[in-house]
Amino acid sequence: MWLIHSSIGRKVIMSVTGIFLILFLTFHSIMNVTVLFSAQVYNDICEILGANWYAILGTGALALGFVLHILYALYLTLLNLKARGKDRYAVTQRQEGVAWASKNMFVLGLIIFGFLVLHLFNFWAKMQLVELTHGHGWVEAGLPNPQEGAFFINELFSNPVYSIIYIVWLAALWFHLTHGVWSSLQSIGVNNKTWLPRVKCVANVYSTIIIILFMAIPVYFLLGFRVL
Amino acid sequence: MAKKEDIFDKAKEAVNKAAEVIKDTAEDLVENVQELVEDVKDFIEDDKTKQVVASVKNAGEKIAQTAKESAANVSETIKTTTQRVVADVKNDTKIITRKDAKIPEGPLAEKWSNYKAHQKLVNPANKRRLDVIVVGTGLAGASAAASLAEMGFNVLNFCIQDSPRRAHSIAAQGGINAAKNYPNDGDSVYRLFYDTIKGGDYRAREANVYRLAEVSNNIIDQCVAQGVPFARDYGGLLDNRSFGGAQVSRTFYAKGQTGQQLLLGAYSALSRQVGKGTVKLYVRYEMLDVVVIDGRARGIIARNLVTGKTERFFAHAVVVGTGGYGNAFFLSTNAMTSNGSAAIQMYKKGAYFANPAYAQIHPTCIPVHGDYQSKLTLMSESLRNDGRIWVPKKKEDAEAIRAGKLKPTDLKEEDRDYYLERRYPAFGNLVPRDVASRAAKERCDAGFGVGNTGLAVYLDFSEAINRLGENVVRARYGNLFQMYEKIVDDNPYKTPMMIYPAIHYTMGGIWVDYELQTSVKGLFCIGEANFSDHGANRLGASALMQGLADGYFVLPYTIQNYLADQIQVPRISTDREEFEQAEKAINERIAKIMSIQGKYSVDHIHRELGLVMWDYVGMGRTAEGLKIALEKIQAIRNEFWTNVYVPGKSEGLNVELEKALRLADFIEIGELMARDALLREESCGGHFREEYQTPEGEALRNDEKFSFVSCWKYTGEGSEPELVKEPLDYEFIVRQQRNYKA
Amino acid sequence: MEKVLNLTLKVWRQNGPKVKGAFETYKLDGISPDCSFLEMMDILNEKLISEHKEPVAFDHDCREGICGMCSMYINGHPHGPDGEITTCQLHMRNFKDGATITIEPWRSAAFPVIKDLMVDRGAFDKIIQAGGYVSVNTGGVPDGNAIPIPKPAADEAMDAASCIGCGACVAACKNGSAMLFLSAKVSQLALLPQGRVEAAHRAKAMLAKMDELGFGNCTNTGACEAECPKNVSISHIARLNREFISAKFKD
């Protein structure tokens with residue numbers, strides 16, 4: 001199977017899953033900012049994305065995307081370590097024009113993955129997971145309504161430690177994206193000499209917008225505002 | 001070889017032929033006049049009688065004049081031929097006849113077609129049973145190996161570097177000539193042939209050069225088909241540029257990297273065959289001897305440069321394309337591993353070394369800047385299209401510049417001596433390479449040189465920059481200027497470049513016949529390694545043409561004429577005595593070099609040799625100097641064999657040992673060059689004897705005495721080589737003194 | 001002109017592919033700034049020879065930046081700190097007096113060390129042998145002008161073809177990937193009508209060979225492009241990806 005056995009095939013998987021994740025992030029970031037304008041609208045969206053088949057299917061696909069992206073990253077990193085050979089350079093220097101992120105995607109990925117687990121614990125475990133496992137009995141037991149996302153946001157980010165942790169995480173994600181966005185296009189061959197600098201520029205702008213949208217929330221909280 | 005009787009027969013034949021020509025011409029004349037008189041008779045009553053009579057008279061005079069001229073020509077030919085033949089007979093010199101050189105009969109333009117139509121071929125089933133060794137992977141070697149393998153022969157290909165793509169053909173910058181006439185400026189096969197012969201100062205074989213011009217067009221087609229990205233015009237068609245020594249634009253190019261692109265084309269064809277298994281490639285192997293069995297080349301001994309072991313290889317025929325021997329001068333534009341060892345090995349096994357003295361000195365190289373220098377860098381000849389060459393007019397200015405007290409840009413226009421424009425008003429800065437080189441040396445020897453060594457002249461672009469603007473100059477020569485700046489750390493847009501001539505190419509090499517076969521049967525020699533097509537001087541963009549012509553289109557045909565007789569020969573075991581002896585001799589030689597453990601490194605001795613070569617066998621040679629050179633080279637040889645130091649062991653990789661083996665052969669080549677230069681008492685092309693020049697300092701050829709190829713035959717260690725001559729009788733063109741003044 | 005450099009050289013010495021190597025430190029004084037890097041190595045070797053020590057083995061040939069033979073990793077850069085040149089074109093004026101220069105061989109699993117600074121780049125030849133050619137035999141080809149080629153395509157093919165096969169891309173790549181080398185050839189031939197015919201097969205065959213030979217996977221860091229002495233662009237890698245993916249989808 002060429003998607004496993006050929007190096008370009010492996011890149012295609014990284015690229016396609018990557019693009020999928022980028023699209024997800026785009027949606028996620030836009031959805032998030034609504035909370036700054038109206039907690040009610042945000043909660044409505046959370047409700048739509050609750051325990052229904054479309055959402056579950058979507059979540060499943062998303063999970064699969066993540067898993068594939070991570071597994072392939074692991075596989076590629078191991079292969080590349082092997083290709084580098086046993087002896088390492090004693091002196092290495094940064095090349096001009098080579099982004100730091102591009103050489104540290106795996107490390108950035110690990111950081112992102114670590115925070116992702118935290119994030120899932122902070123939100124997903126209290127929201128969609130609860131819906132899936134407990135249904136509406138949860139609310140009747142006096143616990144927070146899993147569909148009221150704004151409540152969780154308000155609670156978590158009221159703690160400035162979390163806000164800062166999330167900002168750090170988003171910074172790592174930004175680095176990952178600045179390389180990831182243009183790289184995913186390069187890997188599937190959507191690039192040429194004229195477009196190379198343009199694609200890189202667009203990618204940087206795009207990732208920056210996404211990250212700004214995400215960061216708006218913790219920053220909003222750090223500035224002392226609350227959504228509820 | 002021709003015997004005395006044959007020579008006398010030949011002379012007699014020539015005389016008879018001449019007499020016949022004269023007789024024929026006279027008869028023609030009489031006949032013509034008679035006819036005219038008949039014609040006139042009929043008109044005798046006409047009004048225009050006077051006019052007719054006048055025209056008849058005119059015609060008669062013309063015919064008489066022509067007859068006189070041809071008679072003079074014939075008698076001149078008889079005179080020179082007879083003189084030479086008599087001299088040769090007196091000295092008991094062996095002569096290589098047209099027949100020995102296997103030059104086909106017939107008109108010039110039909111020789112190659114005739115040859116191909118009548119040569120022997122090998123059928124496909126038999127090709128599989130024949131092995132061919134090709135040594136070298138440059139333009140000639142790679143293209144020959146690929147073409148032979150495509151035909152079905154088993155090819156063993158040897159490469160001294162780590163990959164065939166590194167061969168020094170890769171460094172050629174300018175372009176490749178072909179008689180395509182795409183620009184519609186009047187080019188033709190004949191014109192390319194003529195320019196090449198003239199550029200070579202009438203010291204090349206007519207039949208070979210014509211064939212070269214004929215196949216030149218096929219080379220372009222072949223390379224395009226391989227995906228060589230030649231420069232193209234906006235219409236999508238191939239672009240041409242002009243080059244020195246021609247009045248037409250016939251040079252195809254790929255940026256400033258034509259050699260690289262052509263070599264990569266040949267390399268890709270070769271790689272395709274290696275992938276198919278029809279070529280077995282041996283990289284990091286160096287040929288150390290030819291194995292000759294019963295008078296035929298049957299294999300080689302080569303050293304694996306990584307393991308240090310010598311190995312034996314059999315083949316039905318051996319083809320050598322190992323390039324030139326310019327590194328005998330230590331400093332040259334050749335690559336570091338370029339060497340003349342394969343040539344010396346062939347020479348010692350009976351192949352003639354032809355015209356060793358013909359070495360080309362390229363006028364536009366970056367000057368020597370220190371005694372640690374390892375090689376010289378060429379700047380493309382194309383720079384002379386827009387650059388103007390000058391030195392200070394006054395000696396005191398030159399001295400001030402050398403001392404660093406004066407900058408070239410401070411010198412006023414009237415204090416500059418544009419010596420090429422002064423001496424050669426018609427061609428100016430675009431005179432052929434040898435002329436430009438000698439003129440630079442003349443100025444520097446007279447004390448007008450610049451740079452800290454005084455061995456440099458200026459190549460100035462300020463006028464071109466004023467006229468065209470810096471951007472145009474940058475577009476044309478940007479990469480060369482960048483290269484210059486990296487090496488010299490000086491900005492050529494602001495201060496003039498400094499240049500000086502350097503050894504670049506060797507026209508001499510192993511003698512081959514029309515089939516590219518040496519005087520040893522089954523041993524072929526192609527590309528720069530052979531002597532054939534450039535005469536005494538090579539024109540720009542012709543080296544690539546010759547390498548590829550030999551490899552793609554000539555050798556793959558002519559070798560079959562030999563191999564057709566070899567189909568019955570079984571593969572010979574390399575355990576045979578001849579192989580064993582050859583390998584033993586090599587290992588003894590290696591052991592001897594390793595055992596000397598003297599005082600001097602290989603490079604130290606090589607530098608000494610280089611200095612002797614440059615001083616006495618370089619641009620200006622004299623009988624006296626050449627005699628000194630012969631003595632000094634003898635001393636260097638003694639020093640080498642008693643006082644060289646090679647560290648390490650003969651097993652395993654030992655670069656110093658490789659260099660020592662090559663240097664031993666460069667010493668032999670140096671001696672041959674000096675000997676040949678001493679023999680040739682004339683100046684022609686790249687060979688300039690100071691005793692033989694016109695009052696204006698131009699090369700003075702001596703066609704009566706030296707219109708021959710001087711071939712040197714090895715006669716054993718310590719004994720002088722024997723001279724064998726191949727006369728160059730021009731059947732189809734008339735020789736002229738080269739003139740680039742007007 | 002009078003200025004000279006006194007240097008400390010840390011040179012990787014290794015006797016063979018299987019033997020363990022180590023750095024050796026040498027002092028070298030009085031080097032002219034006009035000297036080229038390889039000439040400096042020559043001087044070092046002359047010195048070692050005069051001390052009856054074994055000289056440093058390194059690859060070099062044309063010494064004018066086109067054969068692609070020279071291959072040293074100098075102070076953290078393949079072909080040294082100066083841009084757009086090979087080691088042989090690097091001059092000592094790029095270094096300061098008293099500097100320590102660390103010289104290492106190309107390090108990649110696919111390029112085993114032969115000795116000291118010499119590595120075996122035979123893998124590159126094998127990649128070309130797998131398909132880096134147009135399948136035409138000598139003779140019987142159409143006239144050179146039979147197929148017009150748009151100038152931009154010819155120029156871009158030329159840019160790709162300027163690769164000298166030195167291996168700096170692999171040496172610079174943290175993944176030891178040969179994608180830039182491979183893509184330059186695939187791209188050159190795919191751009192020309194002569195090579196277009198077998199473009200799909202070529203991309204597949206050459207890539208399969210590269211993977212087989214133990215080169216790594218490209219992660220688009222662009223280090224290859226940054227260190228390439230001939231400025232070959234990674235846009236050729238995009239073209240290779242395109243060629244390969246479309247070939248696979250057609251299968």
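- In this structure, Phe23(C) places its CZ atom where more than 12 heavy-atom neighbours from other residues, nucleotides or ligands lie under 6.0 Å away.
- Heavy atoms closer than 4.5 Å to chain A are found nowhere in Val113(C), neither backbone nor side chain.
- Annotation: ring pair (Phe, Tyr, Trp, His ring centres under 6.0 Å) contacts involving residues 162-191 of chain C, sequence neighbours excluded, comprise Phe124(C)-Phe181(C).
- Proximity to chain A involves both the backbone and the side chain of Ile234(C), based on heavy atoms less than 4.5 angstrom apart.
- Most heavy-atom pairs under 4.5 Å with chain C: of the set Val91(A), Leu185(A), Leu3(A), this distinction falls to Val91(A).
- Most heavy-atom pairs under 4.5 Å with chain A, from the set Pro105(C), Gly222(C), Cys218(C), Gly216(C): that is Cys218(C).
- Looking only at heavy-atom pairs under 4.5 Å with chain A, the residue among Gly176(C), Ala226(C), Ala223(C), Ala109(C) that has the most is Ala109(C).
- Only the side chain of Phe244(C) comes within less than 4.5 Å of a heavy atom of chain A; its backbone N, CA, C and O stay farther away.
- Using a 4.5 Å cut-off between heavy atoms, Ile237(C) contacts chain A through both its backbone and its side chain.
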Extract the chain C to chain A donor-acceptor pairs under 3.5 Å, no hydrogen or angle test applied.
unit_1	atom_1	unit_2	atom_2	d
His77(C)	NE2	Gln93(A)	OE1	3.1
Glu104(C)	OE1	Ala90(A)	N	2.7
Glu104(C)	OE2	Ala90(A)	N	3.2
Glu104(C)	OE2	Val91(A)	N	3.2
Arg107(C)	N	Tyr89(A)	OH	3.0
Arg107(C)	O	Arg84(A)	NH1	2.5
Arg107(C)	O	Arg84(A)	NH2	3.0
Arg107(C)	NE	Arg88(A)	O	3.2
Ala109(C)	N	Ala83(A)	O	2.8
Ala171(C)	O	Arg84(A)	NH2	2.9
Ala171(C)	O	Tyr89(A)	OH	2.9
Cys173(C)	O	Arg84(A)	NE	3.2
Cys173(C)	O	Arg84(A)	NH2	3.4
Asn175(C)	OD1	Asn80(A)	ND2	3.2
Asp211(C)	OD1	Ser7(A)	OG	2.9
Asp211(C)	OD2	Ser7(A)	N	2.8
Asp211(C)	OD2	Ser7(A)	OG	3.4
Asn217(C)	N	Asn80(A)	OD1	2.6
Asn217(C)	O	Asn80(A)	ND2	3.3
Asn217(C)	OD1	Arg10(A)	NE	2.9
Asn217(C)	OD1	Arg10(A)	NH2	3.0
Asn217(C)	ND2	Asn80(A)	OD1	2.9
Thr219(C)	O	His179(A)	NE2	2.9
Asn220(C)	ND2	Ser183(A)	O	3.1
Asn220(C)	ND2	Ser183(A)	OG	2.6
Asn220(C)	ND2	Ser187(A)	OG	3.1
Ile234(C)	O	Gln186(A)	NE2	2.9
Asn241(C)	ND2	Gln186(A)	O	2.9
Asn241(C)	ND2	Ser187(A)	O	3.4
Arg242(C)	NH1	Gly189(A)	O	2.6
Arg242(C)	NH1	Asn191(A)	O	2.8

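- Heavy atoms of Leu196(A) lying under 4.5 Å from chain C belong exclusively to its side chain.
- Each of Ala110(C), Cys173(C), Gly83(C) has some count of heavy-atom pairs under 4.5 Å with chain A, and the biggest count is that of Cys173(C).
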